[in-house]
Amino acid sequence: MKESLINHKTRRAAEARLSGDQPPARRVQGSGEPNRHGMPKLPPGQRAVEKWPVLDLGVRPAVTKANWILNVGGETANSFDLNWDGLLALPQAEDVSDFHCVTHWSRMDNLWRGVPLRTVAELAQPHTDVAHVFFTAYDGYTTNLRLEEALDEDVLLVHGWDGEPLPYEHGGPVRVVVPRKYAWKGAKWIKEILFLSEERKGFWEVRGYSNSAEPWYNDRYAFE
Ligand SMILES: Nc1nc2c(c(=O)[nH]1)N[C@H]1C(S)=C(S)[C@@H](COP(=O)(O)O)O[C@H]1N2
Ligand SMILES: [Mo]
């Protein structure tokens, strides 16, 4: 694990909170042409990069197309495992969206190929009181979303990027992409998806990062 990166980011979140920084005002910020959700192309404090950086805990899990298995379950009528062939047998989607990392870079106009998380949820049939989703990755990383957000049609289990297989260092064979959140909400090397009635917070969410993580509100840190 990249302990110094983890310590640095954790300290940054604590400083934002302790220095008297206020929670950012609930007002849309950013610049550039509106995207298809009516939000400015470049969120506040971000800079567009050409090359897609790699950012993670530094653990390199031994996951390949051949051994990848996704466990889907929690409080659902149906728990199941998906392997690579099972994933490809589901209806596939393509989407173009921007990718915003809380460390201030954005990689624009990525062509994603994969399966909508919504499709997986429909198969799992979460109980009616499920309101949260908890993601675990093969490197031990975790993150969480509200169910409502996880069902947005642009939230994908991605296995293709710009016409090629998703590169291993970006979470291949399969990762989650959540375009309307900071990129830490999308687990690389996805291993397990749990549908839950109670909220469970993930790796950065318990280290001072915002639970809602909305780029257009400069919503980087947790202030509670
Ligand atoms: N499994 C896993 N997923 C992860 C992370 C991680 O450390 N492990 N880091 C998150 C963070 S902080 C970011 S910014 C993005 C970076 O994705 P990238 O390396 O493809 O740019 O992955 C997110 N998903
Ligand atoms: Mo990040």
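Every heavy atom of this structure was used, including side-chain atoms; hydrogens, water molecules and symmetry mates were not. Index from 1, following the sequence. In listed order, ligands and their atoms are each counted from 1.
- Under the 3.5 Å distance criterion, the side-chain polar atoms of Glu75 are matched with a main-chain donor or acceptor of Ser197.
- Checking Arg180, Arg26, Arg27 one by one against Glu214, the salt bridge (Lys or Arg N to Asp or Glu O under 4.0 Å) holds for a single residue, Arg26.
- In this structure, Tyr217 shares a hydrophobic cluster with Val28, Met39, Trp216, the cluster being traced through Ile, Leu, Val, Met, Phe, Trp and Tyr side chains under 4.5 angstrom apart.
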Below 3.5 Å, can you tabulate the donor-acceptor pairs from side chains in residues 45-52 to any protein atom, sequence neighbours excluded?
residue	atom	partner	partner atom	Å
Gln46	OE1	Arg220	NH1	3.3
Gln46	OE1	Arg220	NH2	3.0
Gln46	NE2	Cys101	O	3.0
Gln46	NE2	Trp105	O	3.0
Gln46	NE2	Ser106	OG	3.1

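- The protein residues lying under 4.0 angstrom from ligand 1, judged by non-hydrogen atoms, are Lys9, Trp52, Pro53, Val54, Leu55, Asp56, Leu57, Phe99, Cys101, Trp105, Ala137, Asp139, Tyr141, His170, Arg175, Ala183, Trp184, Gly186, Ala187, Lys188, Trp189, Trp204.
- Using a 4.5 Å cut-off on side-chain heavy atoms (C-beta onward), Asp98 and Asp109 make contact.
- Among residues at least two apart or in separate chains, side chain to side chain donor-acceptor pair (under 3.5 Å) pairs with a member in residues 110-134 are Glu94-Arg113, Ser97-Trp112, Arg107-Asn110, Asn110-Trp161.
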